[in-house]
Amino acid sequence: MNRTYFNSFVLPFSDNLYHYIKGLLGNGEAALDVLKESIFYWWEHRKELKEENFKVIVLQKVRSLALHQTKNKKFEKRPFHNLEWEEGDWESIQIPRCDDVNELLNYLPELHAEVICLRGAGRLQDDEICQVTGLGFNNVHSILAKARKSIWKGLGGSLGTRSEASDLLKKYYTGTTTLDEEEQLRLYFNKVEHRDAHPADYKLFNYFMDLSMLEMPLEYKKLLEEHVYELQNNTWLRRLVLKLKGKE
C-alpha cells in the first residue's frame with residue numbers, strides 16, 4: 001500500500017480507531033497515544049497492508065498496543081465494575097439507572113465493552129470481530145446481546161416496557177443483526193411515524209450508530225495530523241539526527 005492508498009484508507013479510519021481505543025481504555029489521551037503509535041507502525045509496514053482486509057489487520061495491531069498499555073498501567077484505565085449475572089438471565093444484572101451510555105459501559109465486562117465498541121465505532125461484521133478478538137461467532141452474538149440488553153436496562157428499559165415496534169429491533173437485542181439490518185433500523189428510527197419505540201431503544205441504538213460517525217476531539221485531530229505529516233515527510237527523523245548531534 002503506497003502513500004496515496006495509505007492516506008485514502010487508513011487515515012480516514014482514524015476517527016473510528018480513536019473511539020474504539022477510547023471505548024477499550026476509557027481514556028482519551030491514552031487512546032491518542034495508542035493511535036499515533038499504531039499509525040507509526042503501519043506507515044513503516046504499509047507494504048503489508050491490503051485494501052480488502054486493512055480494517056481487521058489495523059485493528060489487531062491497535063488492540064495489541066492498547067492491551068499492552070493496560071498491562072503496563074501507563075494510565076488510569078476505564079473503571080470497569082465487572083458485575084456478574086446468571087447465564088441467560090440478563091434481568092439479574094444489577095446495573096444502575098443512568099442516561100449516559102459511556103458510564104453504563106463501565107458496568108460491562110471489559111470484553112463486552114470492547115465487542116460492542118468494535119461493532120459501533122469500527123462497524124465490523126461478525127466475522128471481522130472474530131478475527132480481531134479471537135472469539136467465535138456464537139460468543140460474539142452472545143456478547144452483543146448481553147451488552148445491548150444491559151445498557152438498555154440501565155437506560156430505563158425493562159421487560160414490561162419492551163418495544164414491540166419492530167421485529168428487526170427484537171433481533172438486534174439477540175446480537176444477530178447484520179450491519180445492513182442495523183442500517184435499516186437507523187432508517188426506521190428516523191421515520192417520525194414509527195416513534196413508538198421505548199426511549200431506551202433510541203438512546204442505545206442511536207449512540208452506537210452515531211459512534212461510527214463521530215470525530216475525535218479537534219485538538220487530538222490536529223496533533224495526529226502533525227504526527228502523520230512528520231512521518232510522511234521524515235521531519236521526525238531529521239529532528240532526531242539534529243538532537244543526537246547536539247548531544248555529541
Just to verify, what does [X] make a salt bridge (charged side-chain N to carboxylate O under 4.0 Å, His left out) with, not counting sequence neighbours?
{"X": "K203", "answer": "D99"}
{"X": "K61", "answer": "none"}
{"X": "E182", "answer": "R119, R123, R148"}

Supply the atom-to-atom distance [X] [atom1] to [Y] [atom2], rounded to the nearest 0.5 angstrom.
{"X": "L65", "Y": "H68", "atom1": "CG", "atom2": "NE2", "result": "8.0 Å"}
{"X": "H112", "Y": "L144", "atom1": "NE2", "atom2": "CG", "result": "9.5 Å"}
{"X": "Y20", "Y": "L59", "atom1": "OH", "atom2": "CG", "result": "6.0 Å"}
{"X": "L17", "Y": "L32", "atom1": "CG", "atom2": "CG", "result": "12.0 Å"}
{"X": "T133", "Y": "Q60", "atom1": "OG1", "atom2": "CD", "result": "9.5 Å"}
{"X": "L231", "Y": "E226", "atom1": "CG", "atom2": "CD", "result": "12.0 Å"}

Residue that, paired with S150, satisfies side-chain contact (heavy atoms from CB on, under 4.5 Å) out of I116, L105, L204, L108 = L108
Can you sort out the partners of W42 under ring pair (Phe, Tyr, Trp, His ring centres under 6.0 Å), two or more places apart, ordered by chain and number?
-> none
Quick one: ring pair (Phe, Tyr, Trp, His ring centres under 6.0 Å) partners of Y41, sequence neighbours excluded?
-> H45
Those residues that, when tested against Y220, pass side chain to side chain donor-acceptor pair (under 3.5 Å) (two or more places apart) = none
Who pairs with E183 by side chain to side chain donor-acceptor pair (under 3.5 Å), at least two apart in sequence or on another chain?
-> R186
In chain order, what residues pass the side-chain contact (heavy atoms from CB on, under 4.5 Å) check against [X], with sequence neighbours excluded?
{"X": "T176", "value": "H141, K171, T174"}
{"X": "T178", "value": "D180, E181"}
{"X": "L214", "value": "H19, L211"}
{"X": "E225", "value": "K221"}

If we only count heavy atoms from C-beta on, is the I57 to E48 side-chain gap below 4.5 Å?
-> no
Heavy-atom side-chain proximity of D167 to K170 below 4.5 angstrom | yes
List the steps, then state whether side chain to side chain contact (heavy atoms under 4.5 Å, CB included) holds for R63 with L67.
-> CA-CA 6 Å; R63 184 176 193 262; L67 294 178; 3.8 Å; yes
Following the transitive rule for hydrophobic clusters with a side-chain heavy-atom cut-off under 4.5 Å over Ile, Leu, Val, Met, Phe, Trp and Tyr, establish whether L179 and F137 coincide in one cluster.
-> no
Would L118 and M213 show up in the same hydrophobic cluster when neighbours are defined by side-chain heavy atoms closer than 4.5 Å?
-> no
Can you name the closest pair of heavy atoms from [X] and [Y] and give their distance?
{"X": "K149", "Y": "Y173", "value": "CE-O, 2.8 Å"}
{"X": "M216", "Y": "S14", "value": "CE-O, 3.6 Å"}
{"X": "C130", "Y": "G136", "value": "SG-C, 3.7 Å"}
{"X": "K55", "Y": "L124", "value": "CE-CD1, 3.9 Å"}
{"X": "D126", "Y": "V140", "value": "OD1-CG1, 4.4 Å"}
{"X": "L25", "Y": "A30", "value": "CD1-CB, 4.1 Å"}

Should I143 and I129 be marked as a side chain to side chain contact (heavy atoms under 4.5 Å, CB included) after you check the CA-CA gap, both sets of side-chain angles, and the distance that decides it?
-> CA-CA 11 Å; I143 287 174; I129 295 176; over 6 Å; no
After noting the C-alpha distance and the side-chain angles of V62 and L35, does the key distance pass the side chain to side chain contact (heavy atoms under 4.5 Å, CB included) rule?
-> CA-CA 7 Å; V62 166; L35 180 56; 5.6 Å; no
Between [X] (side chain only) and [Y] (backbone N and O only), is there a donor and an acceptor less than 3.5 Å apart?
{"X": "S38", "Y": "V34", "answer": "yes"}
{"X": "N16", "Y": "G122", "answer": "no"}
{"X": "E215", "Y": "D15", "answer": "no"}

